[in-house]
2 protein chains.
Amino acid sequence: MGGPRFEPVRAVRAYERVVEQVEEAIESGVLVPGGRLPSERELMTQFSVSRSTVREALRVLQARGLVRSRPGDPHGAEVLPFSPAALHKSMTTLARVAELSLGELVQFRMVLDASAVLLAARLRTEEQLAEMYAAVAAMRAAAEADDAGGGTSEEAFGAADMAFHDAIARAGGNKLVQICTDVVRSIVVKLIADRIAGEPDRGSLMRRSIRHHEEVIAAVRAGDGPLAARLSRKAMYDYYAGYVEESERSALRALLE
Amino acid sequence: MGGPRFEPVRAVRAYERVVEQVEEAIESGVLVPGGRLPSERELMTQFSVSRSTVREALRVLQARGLVRSRPGDPHGAEVLPFSPAALHKSMTTLARVAELSLGELVQFRMVLDASAVLLAARLRTEEQLAEMYAAVAAMRAAAEADDAGGGTSEEAFGAADMAFHDAIARAGGNKLVQICTDVVRSIVVKLIADRIAGEPDRGSLMRRSIRHHEEVIAAVRAGDGPLAARLSRKAMYDYYAGYVEESERSALRALLE
DNA sequence: CTAGTGCACTGGTCTGACCAGTAGGCTACG
DNA sequence: CGTAGCCTACTGGTCAGACCAGTGCACTAG
């Protein structure tokens, strides 16, 4: 101990410094969504680096979802409004590389959705409640179309289901919960889309899901958060348990009290 | 309707196809962590593209946390084991660009931590319980060092706290919950590190936090998940409420029942 | 006033070059 | 024979300059 503790000076690549500066400009608000970066050739003179370096930096920024560039665009790369696309990408990679099981993903959704619904029961506006009702109505319409042999009805059902959960999440008022819910939902749906489409008894699954959603809405309307949360977990479990490995279901049931 | 619905063929850049192929190789297990990619010059012949294109692809893969390259390394870029670094990065960006408030972040932690602790109460092993005890002991040691005027004690306290929550999350058995908890925790800590360090009555805050943690452990040991979850939320609230905007605290309290 | 055309400039890609740094083989010394 | 130190063949990082297809805008012809 004692004496100055020097840190190793890691070599910072030129393109990294370019990334840093642009990132800083975006986060500090100097560059606003919809705004434009100078052209690559302009950037290379401003940063005193070559175009390859500028381009590598732009690739990184693009991978992080901060900018987008189109060939031929005379205005330069566009600064994007925030989108969870990058989060989505890294979570998808996570799901594959870290070998996340369907059970873990569903469990995560149970947790987040239940909290969102708990919060929604207290914070929702009348308008958001109406959206939830509308979403359930759309689900019912899709289910009926399915009974009649409609082709793309499970797609419509899924979209309505998403609208419902999105309304809940927005009503809950936590953007992070909302975004994570959405990201994980899309991953889960993608994982089992084919299995759902081939489900023999799809109709009864849909009907049961609709009933569950209605119960959740009723609890939200009544302002009973804990009940709504319980119902929400139950609904999620019932809908997805069939697709989850038997060995993982007990961990899911642990959330049902 | 009717007739084939053609999709617009979006122009796929060369470097994107390189990224896709390498990503595919990693996710399918052809390339394992610790393994090496061919050198850039080798890759450019394999993919029949120029080195610039190869390098842009590598930058993207690096930004996604899949590979790392060192100058002079004769073995080529290294395939990395999974790390939540990319997730961390995109969530940090999210927090800044999407203007996530401290309140939302803390609320998110309350939700995730409570679920982790709920699951841990059922699934924890004796070994993991011991780790939790050890972490609390370390917290106490740090708090005592702080009373004695130790310099880096709040750092040690934070590290022990992290170890505690990490043990809980691992015991809960959901990797996604564990990772998200960890990522958000580090963001929160970074946001208020300076405020915590300057806290006048840090000692009592630490002591109260330790007591809370002990209560949580007791409930986990007893297998009472719901109680442990409640205590965990309470502990988190007590610790962070002071740093959260007054207007947001009610949303946090909504989680306390 | 509008429809069409041309041009200036963009991003995407390629080629070829140089540099600093690394690893591992080779050599010379003990 | 063993080892310390050098040497070389490579690596990734960066640069310069070139070409192409595509875009938006100004200009022009109707």
Side-chain angles (χ1 to χ4, degrees), chain A residues 6-23 25-26 31 33-80 85, chain B residues 6-23 25-26 31 33-80 85:
Chain A
F6 295 117
E7 292 187 0
V9 278
R10 63 181 180 89
V12 169
R13 285 81 198 248
Y15 79 89
E16 282 181 5
R17 275 173 306 196
V18 174
V19 167
E20 276 171 23
Q21 285 199 46
V22 177
E23 219 165 21
I26 292 177
L31 286 169
R36 301 303 185 121
L37 257 55
S39 75
E40 295 180 358
R41 288 166 177 88
E42 170 69 25
L43 285 173
M44 74 185 240
T45 71
Q46 286 193 24
F47 285 110
S48 293
V49 294
S50 73
R51 193 147 89 96
S52 343
T53 303
V54 168
R55 286 182 58 76
E56 290 184 25
L58 288 178
R59 289 286 87 83
V60 173
L61 291 166
Q62 188 166 330
R64 293 195 186 152
L66 292 174
V67 306
R68 173 184 53 182
S69 40
R70 266 179 324 139
D73 189 335
H75 300 108
E78 183 185 359
V79 178
L80 293 178
Chain B
F6 293 118
E7 291 186 2
V9 278
R10 63 181 180 89
V12 169
R13 284 78 200 252
Y15 78 89
E16 282 181 5
R17 275 172 308 200
V18 174
V19 167
E20 277 171 23
Q21 285 198 47
V22 177
E23 220 165 20
I26 292 177
L31 286 169
R36 300 303 185 119
L37 257 55
S39 76
E40 296 180 358
R41 288 165 177 89
E42 171 68 26
L43 285 174
M44 74 184 240
T45 70
Q46 286 194 24
F47 285 111
S48 292
V49 294
S50 73
R51 193 148 90 97
S52 348
T53 303
V54 167
R55 284 182 58 76
E56 289 185 25
L58 288 178
R59 288 288 87 84
V60 174
L61 291 166
Q62 189 166 331
R64 293 194 185 151
L66 293 174
V67 305
R68 173 183 54 181
S69 39
R70 260 182 329 139
D73 189 336
H75 301 107
E78 183 184 0
V79 178
L80 293 178

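Lettering of chains follows the sequences in order, A, B, ..., and the numbering in each one begins at 1.
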Rounded to whole angstroms, how far apart are [atom1] on [X] and [atom2] on [N]?
X: A/Y15; N: D/dG12; atom1: OH; atom2: P; result: 13 Å
X: B/R13; N: C/dT10; atom1: CZ; atom2: P; result: 17 Å
X: B/R17; N: C/dT13; atom1: CZ; atom2: C1'; result: 11 Å
X: A/L37; N: C/dT10; atom1: CG; atom2: P; result: 13 Å
X: A/Q62; N: C/dG11; atom1: CD; atom2: C1'; result: 11 Å
X: A/R68; N: C/dG11; atom1: CZ; atom2: P; result: 14 Å
X: B/E78; N: D/dG12; atom1: CD; atom2: P; result: 13 Å
X: B/R36; N: D/dC10; atom1: CZ; atom2: P; result: 18 Å

List every contact pair, protein side and nucleotides 16-25 of chain D side both N or O, where the distance is under 3.5 Å.
residue, atom, partner, partner atom, Å
D/dA18, N6, A/R51, NH2, 3.4

Specify the closest pair of heavy atoms between B/R13 and A/S69, including all atoms of both residues, with the distance to one decimal.
-> NH1-O, 3.7 Å
Here the pair of heavy atoms bringing A/R36 nearest to A/D73 is NH1-OD2, 2.7 Å
Watson-Crick or G-U pairs under 3.5 Å in DNA chain D, rendered as dot-bracket with [ ] for crossing pairs and | for another strand = ||||||||||||||||||||||||||||||
Here the gap from B/E78 atom CD to B/Q62 atom CD, rounded to the nearest 0.5 Å, amounts to 11.0 Å
Quick one: CG on B/L80 to CG on B/L61, what's the gap to the nearest 0.5 Å?
-> 10.5 Å
According to a strict under-4.0 Å criterion, is A/R55 in side-chain N/O contact with OP1 or OP2 of C/dG11?
-> no
B/T53 side chain near C/dC14 phosphate (N/O to OP1/OP2, under 4.0 Å) = yes
Pick one: which of A/V60, A/V54, A/V49, A/L58 meets side-chain contact (heavy atoms from CB on, under 4.5 Å) with A/Y15?
-> A/V60
salt_bridge(B/E23, B/R64) N-O dist < 4.0 Å = yes
So, do B/V79 and B/L37 sit near enough that their side-chain heavy atoms are less than 4.5 Å apart?
-> yes
B/S52 side chain near A/R55 side chain, heavy-atom distance below 4.5 Å | no
Looking at residues at least two apart in the chain, or sitting in another chain, which of them share a side-chain hydrogen bond (donor to acceptor under 3.5 Å, both in side chains) with B/R41?
-> none
